[in-house]
Protein chains: 2
Amino acid sequence: MSGPTLSDVADAAGVSYATADRVINKRGNVAQKSIDKVRDAVTRLGYVRNVAAANLSRRRVYRLAFLIPTGSNAFFNRVRDHIVQSANHLSADSISVEIVDVSAFSVEALQNSIGDLADLDFDGVAIVGLQSRLLEHPLAELRARGVAIIGLVSDLPTNFRSAYIGIDNRVAGRTAARMTGIAHAGRVGAIQTFAGSMDARDHAERLQGFRDVITADFPALTVLDPILTKDDPAVLYEAACGALQAGSSVTAVYNVGAGNVGLIKAISKTSGTRPFCVVHELVAHSKQALIDNHINLVIDQRPDVEVNRAFALLRALIDDRAMPPMPDLMPTIYVRDNLPADTLNTVMKAQTT
Amino acid sequence: MSGPTLSDVADAAGVSYATADRVINKRGNVAQKSIDKVRDAVTRLGYVRNVAAANLSRRRVYRLAFLIPTGSNAFFNRVRDHIVQSANHLSADSISVEIVDVSAFSVEALQNSIGDLADLDFDGVAIVGLQSRLLEHPLAELRARGVAIIGLVSDLPTNFRSAYIGIDNRVAGRTAARMTGIAHAGRVGAIQTFAGSMDARDHAERLQGFRDVITADFPALTVLDPILTKDDPAVLYEAACGALQAGSSVTAVYNVGAGNVGLIKAISKTSGTRPFCVVHELVAHSKQALIDNHINLVIDQRPDVEVNRAFALLRALIDDRAMPPMPDLMPTIYVRDNLPADTLNTVMKAQTT
DNA sequence: CTGAAAGCGCTTACAG
DNA sequence: CTGAAAGCGCTTACAG
């Protein structure tokens, strides 16, 4: 702070302020000789651009967009809530944010939404992505316009975004497995798994991680093949009732996907002991189920932290500054005792801020 | 953003820019009549001060201090690392931070350090506190000078700080208990506990939370009275060897305090099965012990998140702005599968930035 | 290719 | 008690 200013640089380089500015900001139309002199002065003085002053003079507002899947998925509603809340607070820092709804799980819809972004003049976008080559073209287009792009929660094609913010789903699955193993305390058992669809990359990865750990470290346990539910609570309900039948040999249940309302409903109707139960994402109903002792564990990815980080990263990217420190995002384990009080599930107050 | 400016307000109020400024910033020497007119204009126009512009014109640098206990405590070294890392990044935002070393657990030392702060002209300080009335006077002094004060990790007397950033240690203990209970899968067991000192509030609280949950939900388990270790690895080592003896009825071990190096050493020398083992704070050695299967769980308070939040909070407090969103800080559970790759335990690169 | 000057929204002496 | 003016570190036309 209070280091050299651009006019110090200009003086040291023996050029005018305007010329120094031209090379600093790569505006072109500068003689190579001048460029060299300025570059030299910059490194000699250790000049660093004052972003705040620059923004003031330009009356700059950062325009950010978040592309989030629509639908009744409680997890993404939580993500939305966090975005809105942060946006409210960041409006004081000249940051405006818009949430763009995208039809869930549709490559085509996502492709179109990204395409539409190109004309909207955003400075940065965070996208809940999918792995599809179809996205590469619109992403390249966006990037060509100088828009900063990051993947959020679910990644985009790797070479077409600057960073990914989200957990490793294999790690999430491994974590679930470790806890399930521990809960058996060496006893024999069978774990019924559920998944939305094995085409969903995150579901497949979680299941894989889960299997890996059980196989390696808990040989007394068997992982039963997943029942596919399309994340539909009704389907999950029916399937879960089967697994929970009296006399079933199932000692644990693990759902890698959504639709837990159905699972919880099935459990709450069961009398007697129930299997050990692990699900993903802390939302209103999974939190309540933990409190009610209907399930044992929730593996969560902390969307609040992810959203926060998305904002910090986007700003750094846009200003072309050094990245803020960002330790790995690891899945968090919730039991009924370490639940945050404020899992918000409020109706969205404002779409845009 | 790009709302009304102070000169809009001045115009609307029919006073000069300077006068409007005087009432906005409470500089005094303004006629009540002018004050009213300006206040009125402010609310009518919805004026909000542009902090960035103000800071630019004052060449303002935020001066922050962190009071952190010294000693070889790995956890606080981790806290330091995070502070230094963030400070490095924040220097670009005109934030300077200083870490002040305070002799650990000494009310007197802390009292003196806080007293010394008064003349140093900081804008805000984060303090790893203690509960003692002796701190009230120096804190009041500091506050009188307009310094923003927050408690970090361990709270200060409640009425003498603006906020506390840290976990609830009862919750941490409850969480440890829940997992320990689960790991017994209904079997009978006895849990040997260890604590540094029952005078340490956080230790007492963790133990209490632990006991509460075991008593309420795991009647087959007995919580053995804590062995006091002063957080000394050597003491812990000796004590742990006893609990780990062949033929011991101890089925689990829980250390609410520090000094885990000793505990881990004792375990690593044990042959055959060992008890289920839970400790606090993820640092280099506890992480390694998790990987080596010497312990099962680490309950962690995420110092990186705490430090981050301390910076955000201090800034908001200093600028007298709305608080950023800050969900509850809950203890995190680590197993060997969800370990972050980058638990830094680097030597500090710089004390000050 | 280069430079002088006004302006961004504020604060800070300084003069009345 | 009040106001006019310079300056913070930059960007943006505008003139050469």
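Bear in mind that the values here come from a model prediction, so they are computed numbers and not experimental data. A, B, ... follow the sequence lines: proteins, then strands. Residue 1 opens every chain. Values reported hereafter were calculated over all heavy atoms of this structure, with side chains retained and with hydrogens, waters and symmetry mates removed.
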Hey, does the side chain of [X] come within less than 4.0 Å of [N]'s phosphate (OP1/OP2), counting only N and O?
| X | N | answer |
| --- | --- | --- |
| B:S16 | D:dG3 | yes |
| A:N55 | D:dC10 | no |
| A:R58 | D:dT12 | yes |
| A:R60 | D:dC10 | no |
| B:R59 | C:dT12 | no |

## Note on the structure
For C:dG3, the nucleotide meeting Watson-Crick or G-U wobble distances (both under 3.5 Å) is D:dC14
### Message
With a 3.5 Å cut-off and heavy atoms only, can you find an N or O donor on one side and an acceptor on the other between the side chain of B:R22 and the base of D:dG3?
### Response
yes
From the set [options], return the single nucleotide nearest to any side-chain atom of [X].
| X | options | answer |
| --- | --- | --- |
| A:A54 | D:dC10, C:dG3, D:dT12 | D:dC10 |
| A:L56 | C:dG9, D:dT12, D:dA4 | C:dG9 |
| A:A53 | C:dG9, C:dT11, D:dC10 | D:dC10 |
| B:D21 | C:dT11, D:dT2, C:dG9 | C:dT11 |
| B:S57 | D:dC10, C:dG9, D:dC1 | C:dG9 |
| B:A31 | D:dC1, D:dG3, D:dT12 | D:dC1 |

### Message
So A:S34, base contact, sugar-phosphate only, or nothing? Heavy-atom distance under 4.0 Å.
### Response
sugar-phosphate
### Task
Select base, sugar-phosphate, or nothing to describe what B:N50 touches, counting heavy atoms under 4.0 Å on all strands.
sugar-phosphate
[X] [atom1] - [N] [atom2] separation (whole Å):
| X | N | atom1 | atom2 | result |
| --- | --- | --- | --- | --- |
| B:Y17 | D:dG7 | OH | P | 17 Å |
| B:I24 | C:dC10 | CD1 | C1' | 12 Å |
| A:L6 | D:dT12 | CG | C1' | 14 Å |
| A:K26 | D:dT11 | NZ | P | 13 Å |
| B:D11 | C:dG9 | CG | P | 13 Å |

### Query
Do A:Y62 and A:F311 make the cut of ring centroids closer than 6.0 angstrom?
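No, they do not, as the ring centres are separated by 6.0 Å or more.
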### Query
Going through the distances and angles, do B:R321 and A:D93 end up as a salt bridge (charged side-chain N to carboxylate O under 4.0 Å, His left out)?
CA-CA 11 Å; B:R321 290 190 305 169; A:D93 293 338; 3.1 Å; yes
### Query
Would A:R80 and A:D101 count as a salt bridge (charged side-chain N to carboxylate O under 4.0 Å, His left out) if you check the C-alpha gap in whole Å, the side-chain angles of each, and the deciding distance to 0.1 Å?
CA-CA 10 Å; A:R80 279 161 200 276; A:D101 296 315; 2.6 Å; yes
### Query
Any salt bridge between A:R133 and A:E136, counting N to O under 4.0 Å?
yes
### Query
In this structure, which one of B:V147, B:L317, B:I318, B:I95 forms a side-chain contact (heavy atoms from CB on, under 4.5 Å) with B:D123?
B:I318
